[in-house]
Amino acid sequence: QRIVGKLDEGGADGEARDFVLQEMRKPLDLDALVARVNTPTLAAEVYAASLLAIEVDTPTEQAYLQQLAQKLRLDPAVTQHLHNSLGAPNLA
């Protein structure tokens, strides 16, 4: 619910919201997830949803976010903006 609320607040359309919810119900296959992301906006939304879903307080979670950002080809400035906007800790 928290993630959907944030997606709605951020102006995500129904397609993006449904995509994120569908993916969250499956076991994570990061490469398959990334392969379905076809726009920079959706890439940022997927990253933001992941950022909201975890606490970012362990090295494993930090490594996951770094790998996700790299695979989504997100500019570091975009990920930094998402962390700041969502009040999430910055990656080391």
Contacts of [X] that satisfy salt bridge (charged side-chain N to carboxylate O under 4.0 Å, His left out) - sequence neighbours left out:
X	value
Asp8	Arg17
Asp31	Lys71
Glu15	none

Practice task
Could you walk me through whether Leu21 and Leu7 pass side-chain contact (heavy atoms from CB on, under 4.5 Å), step by step?
Solution key: CA-CA 11 Å; Leu21 289 173; Leu7 288 170; 6.0 Å; no

Atom pairs and distances, donor-acceptor, side-chain atoms in residues 40-53, under 3.5 Å, two or more places apart:
| from | atom 1 | to | atom 2 | distance (Å) |
| --- | --- | --- | --- | --- |
| Tyr47 | OH | His83 | NE2 | 2.8 |
| Ser50 | OG | Val46 | O | 3.4 |
| Ser50 | OG | Tyr64 | OH | 2.7 |

Practice task
Would you check, one step at a time, whether the test side-chain contact (heavy atoms from CB on, under 4.5 Å) holds for Leu91 with Thr79?
Solution key: CA-CA 9 Å; Leu91 299 177; Thr79 58; 6.0 Å; no

Handout entry: Pairing residues for Asp18 by the side chain to side chain contact (heavy atoms under 4.5 Å, CB included) criterion, not counting sequence neighbours
Key =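 Side chain to side chain contact (heavy atoms under 4.5 Å, CB included) check on Asp18 returns nothing, list empty.
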
Problem - Gln22: side chain to side chain contact (heavy atoms under 4.5 Å, CB included) partners, not counting sequence neighbours - result: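 With sequence neighbours excluded, Gln22 shows a side chain to side chain contact (heavy atoms under 4.5 Å, CB included) to Lys26, Arg36, given in chain and number order.
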
Handout entry: Gln80: side chain to side chain donor-acceptor pair (under 3.5 Å) partners, not counting sequence neighbours
Key =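 Checked Gln80 against side chain to side chain donor-acceptor pair (under 3.5 Å); matches are Asn84, Asn90.
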
Problem - Summary of ring-ring contact (aromatic ring centres under 6.0 Å, His included) pairs that have at least one residue in residues 17-37, sequence neighbours excluded - result: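 Output for this query is empty, none listed.
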
Exercise for the section: Determine which pairs satisfy ring-ring contact (aromatic ring centres under 6.0 Å, His included) with at least one residue from residues 24-43, sequence neighbours left out, and list them in order. Expected result: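 Qualifying pairs, neighbours excluded: none.
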
Practice task
Taking Glu61 for its side chain and Asp57 for its backbone only, find out whether a donor-acceptor pair lies under 3.5 Å.
Solution key: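 Between the backbone of Asp57 and the side chain of Glu61 there is a qualifying donor-acceptor contact (under 3.5 Å).
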
Problem - Distance in Å, Leu74 CG paired with Gln66 CD, rounded so as to fall on 0.5 Å steps - result: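 So the gap between those two atoms works out to 13.0 Å.
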
Handout entry: Rounded distance [0.5 Å steps], CG in Leu65 versus OG1 in Thr60
Key =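 Here the rounded value is 11.0 Å.
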
